[in-house]
Colleague: 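Take a look at the following structure, please.
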Amino acid sequence: MKITIIGSTGQLGTDLMKVLFGKHEIIGLTHKDLEVTDYNSCLILKREPPDIIINTAAFHKPDQCEDEPLKAFFVNAVGPRNIAAVSKEIEATVVFISTDYVFDGSKKEPYAEDDVPNPINTYGVSKLAGEFFTKQNPKHYIMRLSSLFGLAGASGKGGNFVETMITKAKKNEPLNVVNDMWMTPTYTKDAAKVIQEIIEKKLPFGIYHASNQGRCTWFQFAEEIFRLAGLNPTLNPIRTDQQQTKAHRPAFSVLKSTRLSKHGIQTREWKEALADYMFEKGHVGRTDLTKEMP
Ligand SMILES: NC(=O)c1ccc[n+]([C@@H]2O[C@H](COP(=O)([O-])OP(=O)(O)OC[C@H]3O[C@@H](n4cnc5c(N)ncnc54)[C@H](OP(=O)(O)O)[C@@H]3O)[C@@H](O)[C@H]2O)c1
């Protein structure tokens, strides 16, 4: 298949390029090559019409989205609208990457694909609008992911929660991390492999939840990072209401992949994925990973 990846140097985009390279004809488009908010720029997709377009582009910092709602809607909603329109015109399948933040977090048990979204911040509302626009192309996959970490780091600039924690710990900065917000950390390499399986097996179009398995709070995520890295910083659990952030965040956004299970696809536990990441990023040697997992 000919597959075009938008946002090819981003955290997920980089892993999609790696996972799909050599198996398909891949075209990677960076932000410089294509601006999703500009319809005319999106027409570049027609030059070498692909079978599949994967759109990873996003403005995904929730607090900044509160400050810049117009930008959030342009990138996360108008962008997917443009990509849906062009992909439909060239009869390509579109894959849109969405988020656990389309849910409000009040359910307290994992959200399935058919649970009703009710976003509580601008980022979530704009991504949900992006989902609706994506559906304008009937040949669509909407992949909801959560709390991503990947070797390239967000925006290809090396940053993600794991790296932030390790950097701060090495500077001996005391760390206050929320212990009442539940989610599933997800390795972009694993998410990329699920996307690969879905498109290769030509699964039915629609929404798929594709995070890693299990759940934890951000504090527990930090604890596991430090356990693997052999670091022992001052790590304090705090409540969400002790932290000043502009965007409200769902207190519980664990996703359940009912549609993937039906097709025999299962991702691994987040702790296993994190251990793999820590090795691949060079934070630990392979033998360190034999330390017994709690
Ligand atoms: N990060 C998370 O924790 C998380 C959680 C759930 C879902 N998601 C979703 O997963 C997807 C991938 O996230 P990620 O962490 O891989 O993000 P990322 O590293 O920031 O990658 C996004 C890529 O899109 C490009 N891009 C941004 N704005 C664009 C625009 N207007 N037009 C064209 N390209 C643009 C960026 O390029 P520049 O950096 O050069 O601008 C970057 O290469 C996003 O859709 C996000 O909403 C993320």
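Counting convention: from 1, in listed order, for ligands and their atoms alike.
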Colleague: Centre-to-centre under 6.0 Å for Tyr141 and Phe96, is that the case here?
Modeller: no
Colleague: If I compare all heavy atoms of Thr99 with all of Arg144, which pair ends up nearest, and what's the gap?
Modeller: O-CD, 3.7 Å
Colleague: I'd like to check which ligand 1 atoms, numbered from 1 as shown, lie under 4.0 Å from a non-hydrogen atom of Ser147.
Modeller: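 So the answer, numbered in order with elements, is 3 (O), 5 (C).
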Colleague: In plain terms, say whether Arg249 and Asp63 are close enough for a salt bridge, that is, a side-chain N and a carboxylate O under 4.0 Å apart.
Modeller: yes
Colleague: If you look at every heavy atom in Gly10 and Ala152, which pair is closest and at what distance?
Modeller: O-CB, 3.9 Å
Colleague: Indicate whether any N or O donor in one side chain lies under 3.5 Å from an N or O acceptor in the other, for Glu163 and His283.
Modeller: yes
Colleague: With backbone taken as N, CA, C and O and side chain as the heavy atoms from C-beta onward, which portion of Lys127 lies under 4.0 Å from ligand 1: side chain, backbone, both, or neither?
Modeller: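 Answer for Lys127: side chain.
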Colleague: Considering both backbone and side-chain atoms of Thr37, is one of its nitrogen or oxygen atoms within less than 3.5 Å of a nitrogen or oxygen in ligand 1?
Modeller: no
Colleague: Which option out of Cys42, Gly7, Ala58 puts a heavy atom nearest to atom 27 (C) of ligand 1?
Modeller: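 Going through Cys42, Gly7, Ala58 one by one, Ala58 has the nearest heavy atom to atom 27 (C) of ligand 1.
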Colleague: Could you verify whether a donor N or O on one side chain and an acceptor N or O on the other, from Thr267 and Asp190, lie under 3.5 Å apart?
Modeller: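 Thr267 vs Asp190: no donor-acceptor pair found between side chains.
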Colleague: Taking distance alone, with no angle check, do Ser8 and ligand 1 share an N/O pair under 3.5 Å?
Modeller: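 Among all N and O atoms of Ser8, none is under 3.5 Å from an N or O of ligand 1.
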Colleague: Quick one: is the NZ or CZ of Lys18 closer than 6.0 Å to the six-membered ring centre of Phe21, and within 45° of its axis?
Modeller: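 Judged by the rule, Lys18 and Phe21 form no cation-pi pair.
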Colleague: Given Asp33, Ile97, Asn55, Leu16, identify the one with the heavy atom nearest to atom 9 (C) of ligand 1.
Modeller: Ile97
Colleague: Does Asp100 reach ligand 1 with a nitrogen or oxygen that is under 3.5 Å from one of the ligand's nitrogen or oxygen atoms?
Modeller: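 By distance alone, the answer is no.
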Colleague: Under 30°, 30 to 60°, or over 60°: which ring-plane class applies to His209 and Phe103, parallel, tilted or perpendicular?
Modeller: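 It falls in the perpendicular class, over 60°.
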Colleague: Any non-hydrogen atom of Gly79 lying under 4.0 Å from ligand 1?
Modeller: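 Checking ligand 1 against Gly79, which is what was asked, there is no heavy-atom contact under 4.0 Å.
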Colleague: Ile207, Leu128: one ILVMFWY side-chain cluster at the under-4.5 Å cut-off?
Modeller: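 Different clusters: Ile207 never reaches Leu128 through Ile, Leu, Val, Met, Phe, Trp or Tyr contacts under 4.5 Å.
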Colleague: So, taking the atom named OH in Tyr187 and the one named CD in Gln11, what distance separates them when rounded to the nearest 0.5 Å?
Modeller: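 With rounding to 0.5 Å, OH (Tyr187) is 10.0 Å from CD (Gln11).
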Colleague: Give the numbers and elements of all ligand 1 atoms closer than 4.0 Å to a heavy atom of Thr9.
Modeller: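 In order of number, 43 (O).
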Colleague: Consider every N or O of Gly13 and every N or O of ligand 1, then say whether any pair is closer than 3.5 Å.
Modeller: no
Colleague: Numbering the atoms of ligand 1 from 1, which are under 4.0 Å from a heavy atom of Leu145?
Modeller: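 Those of ligand 1 that fall under 4.0 Å from Leu145 are 6 (C), 7 (C).
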Colleague: Numbering the atoms of ligand 1 from 1, which are under 4.0 Å from a heavy atom of Leu12?
Modeller: 16 (O)
Colleague: Output the list of atoms in ligand 1 that are nearer than 4.0 Å to some heavy atom of Ala154, sorted by atom number.
Modeller: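 This gives 19 (O) as the contact atoms.
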Colleague: Show the atoms of ligand 1 that are less than 4.0 angstrom away from any heavy atom in His60.
Modeller: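 The atoms of ligand 1 under 4.0 Å from a heavy atom of His60 are 15 (O), 17 (O), 18 (P), 20 (O), 47 (O).
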Colleague: For atom 22 (C) of ligand 1, which of the options Asn76, Thr188, Thr56 provides the nearest non-hydrogen atom?
Modeller: Thr56
Colleague: Less than 4.0 angstrom from a charged side-chain N to a carboxylate O is my criterion; do Lys23 and Glu200 meet it?
Modeller: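 Looking at Glu200 together with Lys23, the answer is no, because their closest N to O distance does not fall below 4.0 Å.
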Colleague: Could you tell me how the ring of Phe161 sits relative to the ring of Phe221: parallel (under 30°), tilted (30 to 60°) or perpendicular (over 60°)?
Modeller: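 It falls in the parallel class, under 30°.
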Colleague: As an exercise, identify every atom of ligand 1 less than 4.0 angstrom from a heavy atom of Gly10.
Modeller: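 Near Gly10, the atoms of ligand 1 are 19 (O), 21 (O), 42 (C), 43 (O).
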Colleague: Just heavy atoms, cut-off under 4.0 Å: does Ala152 contact ligand 1 by side chain, backbone, both, or neither?
Modeller: neither
Colleague: Taking heavy atoms and a distance under 4.0 Å, where does Tyr123 meet ligand 1: side chain, backbone, both or neither?
Modeller: side chain
Colleague: So if I count the atoms of ligand 1 from 1 in the order they appear, which ones are less than 4.0 Å from some heavy atom of Ser98?
Modeller: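 With Ser98 as reference, the close atoms of ligand 1 come out as 7 (C).
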